[in-house]
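Structure, as structure tokens:
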Amino acid sequence: MDGLRVTDSIESYIRAEDPTNYNEVIEIATHAGKDEDLIKYLRMARKTLREPAIDTALAFAYSRTDQLSELEDFLRGTNVTDIEQSGDKAYAEGYHQAAKIFFTSISNWAKLATTLVHLEDYQAAVECARKANNIKVWKQVNAACVEKKEFRLAQICGLNLIIDAEELQDLVKQYERNGYFDELIALLEQGLGLGRFLPLLMFCSFPLPLSITS
């Protein structure tokens, strides 16, 4: 391992059934891109050790090698993986399918919604935003749906934003900036029943129809 003959080193550790140097093995094998070798080593290490560092490294090695079914099976079994940290890392490094699996396994709806936006699964993202019921999440999913002209789904998100004065103004500006006046008016009309945002409509910078202002 000191000579950076990573594959040979890991084979020796596996033959010796010796997991004691797992921290160094994980660090060096990861930097060397030896994920397949690392997976073999970590499977061996798990036979005698239950360490979060081992399970977390194994889960992420599955992510990097696109072994998503193995990752799902692993997370369904007994493990001590730091799942949220792994999901955050997978998301940050662009492994969005893996991040989806991590966040789904712990029902983190807010982070799952954000991940689904990147996967362009807007319907599922809206459903997760509904479960998360978080303004920040609603705003992000709405913006993504508007960008992709998924206006029906954007409206679902928007109805959860227009009840807040600051969010209403940002929402109006977003639709105006893109020239989606009809879609914005449809959203505001749909939200009439909420009743909490009507006094704020005077701040909109485009002429509203009588059906809204009256």
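Note that this is a predicted model, so its numbers are computed, not measured. As a basis for the values below, the full set of heavy atoms in this structure was taken, side chains included, without hydrogen atoms, waters or symmetry mates.
At least one cation-pi condition fails for K111 and Y91: the charged atom is not both under 6.0 angstrom from the six-membered ring centre and inside a 45 degree cone around its axis.
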Pair E11-Y13, side chain to side chain contact (heavy atoms under 4.5 Å, CB included): steps then yes or no:
CA-CA 5 Å; E11 286 183 6; Y13 278 124; over 6 Å; no
Could you check N160 against N142 for side chain to side chain contact (heavy atoms under 4.5 Å, CB included), going step by step and ending with a plain yes or no?
CA-CA 10 Å; N160 290 275; N142 168 264; over 6 Å; no
Verdict with reasoning, R152 to Q123, per side chain to side chain contact (heavy atoms under 4.5 Å, CB included)
CA-CA 10 Å; R152 182 184 65 81; Q123 178 72 57; 3.0 Å; yes
Determine, stepwise, if the pair F102 / T115 fulfils side chain to side chain contact (heavy atoms under 4.5 Å, CB included).
CA-CA 10 Å; F102 284 121; T115 302; over 6 Å; no
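Of the N and O atoms on the side chains of Q140 and T114, at least one donor lies less than 3.5 Å from an acceptor on the other residue. Under the 3.5 Å distance criterion, with hydrogens and angles disregarded, no donor-acceptor pair is assigned to the side chains of T56 and D82.
Shown here is R50, whose CZ atom has more than 12 heavy atoms of other residues, nucleotides or ligands within 6.0 Å. Enclosure of atom CD in E93 by more than 12 non-hydrogen atoms of other residues, nucleotides or ligands within 6.0 angstrom is indicated. The local environment of CZ in R76 is crowded, with over 12 non-hydrogen atoms from other residues, nucleotides or ligands closer than 6.0 Å.
Between the CG atom in D35 and the CG atom in D66 there is a gap of 11.5 Å [rounded to 0.5 Å]. In this structure, Y22 OH and L49 CG are separated by 7.0 Å, a value rounded to the nearest 0.5 Å. The distance from atom CD1 of I101 to atom CG of L68, rounded to the nearest 0.5 Å, is 4.5 Å. Between the CD atom of E84 and the CD1 atom of I106 there is a distance of 5.0 Å, given to the nearest 0.5 Å. Distance check, rounded to the nearest 0.5 Å: NZ of K136 to CG of N134 gives 8.0 Å.
Side-chain heavy atoms closer than 4.5 Å link hydrophobic residues (I, L, V, M, F, W, Y) into clusters, and following such links, even through other members, never connects L75 to W109.
Residues A61 and I39 come closest through the heavy atom pair CB-CG1, 3.6 Å.
Counting only heavy atoms from C-beta outward, the side chains of T30 and R64 approach each other to under 4.5 Å.
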Which pairs would a plain distance check flag for residues 177-186, meaning a side-chain donor or acceptor within less than 3.5 Å of a matching protein atom at least two apart in sequence or in another chain?
residue : atom : partner : partner atom : Å
N178    : ND2  : Q174    : O            : 2.8

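A side chain to side chain contact (heavy atoms under 4.5 Å, CB included) with L161 holds for exactly one of L168, I135, L187; it is I135.
At a threshold of 4.0 Å, the pair R130-E127 counts as salt-bridged, since one of the basic side-chain nitrogens sits closer than that to a carboxylate oxygen.
Taking the six-membered ring for Trp and thresholds of 30 and 60 degrees, Y95 and F60 have ring planes more than 60 degrees apart, a perpendicular arrangement.
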